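Remarks on the structure that follows.
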Amino acid sequence: MFEQILFLLSATATIGFTVAVVGTNNLMHACMYLLGTLFGVAGLYATIGADFLAATQIVVYAGGVVILMLFAIMLTGGAEDKKNRFGIEKIPSMGSTKTYIVAGASVLIIAMIVLKMTANIHTANKDLAVASTGNESTVFNIGSLLLTDHILAFEISSILLLGALVGAAIIARPKRN
Amino acid sequence: MNSTIVSYLSQFEGYQKFVSMASSFLGSNASGYITFLVFFLGAFVIVNVMALIGGLGTYAERKISADLQMRQGPNRVGPYGILQFLADGVKMIMKEDIIPSASDKFMFTLAPLLALLGVLATFAVIPFSSGLMLSDLNVGVFYLIGVSSLVGVGVFLAGYSSNSKWSMLGGMRGASQIISYEVPVTLSILSIVLLAGGMSFGTLVNAQSGFPHEWFILHNPFTFIGFFVYFIGALAETNRAPFDLPEAESELVSGYHTEYTGMRFAFFALAEYMEVFVVCGVAAALFLGGYKVPFDLGDGAFFTHTLHLPEFIGKNIGQVLELGSFFTKTLVLYYIVIWIRWTLPRLRVDQLMTLCWKYLTPIALFNLVGCAFWMYYFEGKSLYVLLFKSAAHAAGAGH
């Protein structure tokens with residue numbers, strides 16, 4: 001019962017905050033709502049027993065990405081006057097009735113297709129899903145998988161990160177004549 | 001099995017009897033409700049005790065700083081002025097709650113809540129004793145790092161939303177400082193995780209024992225350095241002097257909380273003092289043996305088997321000893337943090353970043369690799385074991 005309550009809370013937070021993200025005009029507020037969304041997703045991970053993934057979600061997004069976004073918005077002045085000098089809104093509202101109808105219909109169709117495609121998996125793994133929501137640790141499994149089966153992807157992503165780090169250092173370095 | 005406050009209580013007959021009584025009374029299985037109730041009460045008590053410790057922290061700060069500067073400190077309210085923090089709290093509640101008209105009101109009200117939330121959420125995994133742990137998550141330390149980074153978001157938002165130059169500078173300094181110093185802190189925690197072989201606080205603390213030579217700080221030279229790297233980084237993460245640049249009084253009035261009054265300001269102050277307790281508690285748990293008591297007195301076997309006390313009393317005496325061990329270590333570190341604050345001058349911003357990125361981070365990386373090599377070559381034996389064993393071997397023991 002507690003897992004269902006947790007799931008309902010997380011799902012409500014995820015959807016509600018996401019609607020708030022696209023609904024607000026203020027970029028900084030949108031960023032804060034996004035923080036709520038990311039916490040909701042972490043709650044969803046925790047509901048299905050992926051504790052490591054939930055903690056990673058909080059560490060990476062709440063600690064790193066959201067602060068970086070806040071910095072970027074603040075430094076580029078995205079949160080300042082919403083109207084330009086002609087009185088026209090710089091940040092228009094997100095779409096009109098037409099776009100809402102088209103987006104809603106396409107979301108429904110895609111959701112139906114995905115549900116139809118994954119229906120077999122849901123019915124087949126019903127017992128498995130219930131059994132795996134115990135208190136077993138996912139850290140050990142993720143660690144051994146990362147360093148055995150997926151070592152290539154792991155190393156490639158680390159090289160990518162190294163490249164990003166070096167690139168940032170080169171861009172940020174003061175120019176010398 | 002995760003050791004929590006419920007699993008500790010459920011080993012006693014009285015608790016099981018109570019659960020079965022409640023089940024027969026309700027007509028259905030009541031263990032779920034009682035578990036919820038116990039967790040609720042535990043969380044309630046811990047949050048309130050920690051708020052009390054945060055309040056007493058302000059008193060300790062003023063009294064210790066007075067000692068260091070040969071002053072009296074607060075001495076009017078209560079014996080030795082110990083009720084000063086209550087008087088401060090009453091004053092904070094009575095003050096007018098001012099929200100600057102040019103501020104972003106939504107974020108101005110959200111910021112102190114985020115700062116306090118980030119600290120309060122960490123108490124879920126702090127190992128006060130082997131029985132008094134709200135949740136022994138498998139990813140305990142990782143979770144703690146994650147939720148405590150919310151404090152950085154709170155500090156930054158406070159600086160941004162106040163719409164004041166001082167606050168803005170303080171908030172930006174705070175956010176950059178907290179993000180930067182998370183790197184060496186996390187790397188030093190990682191080297192301990194490597195030694196213990198797990199991220200839950202239960203695993204980390206149980207890999208150590210009661211005596212100093214069995215603690216991780218004296219396990220090998222790398223962890224000894226790692227403790228100091230962690231401690232310096234933790235000082236910077238909690239915005240304490242010599243790293244109190246976000247609230248540098250002489251430059252920025254009072255930094256990110258310049259525009260805050262009343263309870264909103266008190267939330268920031270409380271969050272800071274509780275976070276100091278948290279980082280000291282984590283340092284005690286990771287490096288200084290946590291709640292472990294010498295001679296394994298903590299599990300209560302000595303009291304029940306040798307002194308023939310009832311099991312309930314024996315175990316609880318053990319728990320009290322463990323609590324005493326944990327709080328003693330943590331509060332000694334707390335004292336050192338305050339002592340450092342009133343001894344060292346403040347760093348400049350460039351010195352702060354140089355210290356983090358050019359000194360602490362490489363040292364922490366070196367420690368991590370060193371710990372990995374130590375695990376590989378010496379199979380995780382501590383320095384004491386190696387020296388003692390080799391000395392005993394040279395003296396002819398074992399032949």
Side-chain angles (χ1 to χ4, degrees), chain A residues 1-6 20 24-36 38-39 42 45-46 49-75 77-80 134-143 165 168-169 172, chain B residues 1-4 7 29 32-33 35-36 39 104-107 109-111 113-114 117-118 121 125 135-157 159-161 163 168 171-172 174-176 178-179 182-183 186 193 197-200 203 237 357:
Chain A
M1 189 183 78
F2 288 119
E3 276 177 5
Q4 282 171 353
I5 293 174
L6 180 63
T24 181
N25 267 338
N26 190 325
L27 269 181
M28 293 295 264
H29 290 190
C31 214
M32 288 334 290
Y33 292 132
L34 188 65
L35 186 66
L38 297 169
F39 262 86
Y45 287 146
D51 47 2
F52 183 77
L53 207 56
T56 313
Q57 172 87 5
I58 294 176
V59 168
V60 171
Y61 287 101
V65 171
V66 165
I67 288 192
L68 282 183
M69 282 172 135
L70 287 175
F71 260 110
I73 294 167
M74 193 186 69
L75 293 178
E80 293 182 355
N135 271 329
E136 57 197 63
S137 170
T138 56
V139 183
F140 181 79
N141 295 332
I142 289 179
L165 202 65
Chain B
M1 182 64 203
N2 284 352
S3 64
T4 60
S7 66
N29 189 8
Y33 298 106
T35 304
F36 182 75
F39 273 128
D104 189 334
K105 288 179 189 57
F106 169 66
M107 296 209 289
T109 47
L110 188 68
L113 298 180
L114 273 181
L117 174 80
V125 290
S135 171
D136 190 12
L137 291 179
N138 289 316
V139 288
V141 186
F142 200 44
Y143 164 84
L144 190 137
I145 294 169
V147 291
S148 63
S149 63
L150 271 182
V151 180
V153 182
V155 166
F156 180 80
L157 275 190
Y160 173 78
S161 63
N163 205 359
M168 181 63 128
M172 289 192 63
S176 56
I178 289 172
I179 291 182
E182 251 175 29
V183 176
T186 310
V193 168
M199 288 201 282
S200 78
T203 317
E237 268 202 80
W357 291 109

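Proteins come first, then strands; the chains are lettered A, B, ... in the order of their sequence lines, and each starts at number 1. For the numbers below, each heavy atom of this structure counts, side chains included, while hydrogens, waters and symmetry mates do not. Just so it is clear, the model here is predicted, and its values are computed rather than measured.
Here the CZ atom belonging to A:Phe39 is positioned 4.0 Å from the CG atom belonging to B:Leu150, to the nearest 0.5 angstrom. We find the CE-CG distance between A:Met32 and B:Leu157 to be 4.5 Å, quoted to the nearest 0.5 Å.
Ring geometry for B:Phe142 versus A:Phe52: interplanar angle under 30°, hence parallel rather than tilted (30 to 60°).
Contacts of A:Ile67 with chain B are made by side-chain atoms alone, with heavy-atom separations under 4.5 Å and no backbone atom involved. Both the backbone and the side chain of B:Met172 come within less than 4.5 Å of a heavy atom of chain A. A:Phe71 touches chain B through backbone and side chain together, each having a heavy atom under 4.5 Å away. With a 4.5 Å cut-off on non-hydrogen atoms, B:Leu144 does not touch chain A at all. Heavy atoms closer than 4.5 Å to chain A are found in the side chain of B:Leu114, but not in its backbone. Neither the backbone nor the side chain of A:Leu68 comes within contact range of chain B, judged by heavy atoms closer than 4.5 Å.
For B:Ser200, the side chain to side chain donor-acceptor pair (under 3.5 Å) partners two or more places apart in sequence, or in a different chain, are B:Thr203. With sequence neighbours left out, A:Thr56 forms a side chain to side chain donor-acceptor pair (under 3.5 Å) with no residue at all.
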For B:Tyr160 and A:Ile73: C-alpha separation, side-chain torsions, deciding distance, then whether side chain to side chain contact (heavy atoms under 4.5 Å, CB included) applies.
CA-CA 11 Å; B:Tyr160 173 78; A:Ile73 294 167; over 6 Å; no
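Chain B forms more heavy-atom pairs under 4.5 Å with one residue of A:Ile58, A:Val59, A:Val60, A:Val66 than with any other, namely A:Val59.
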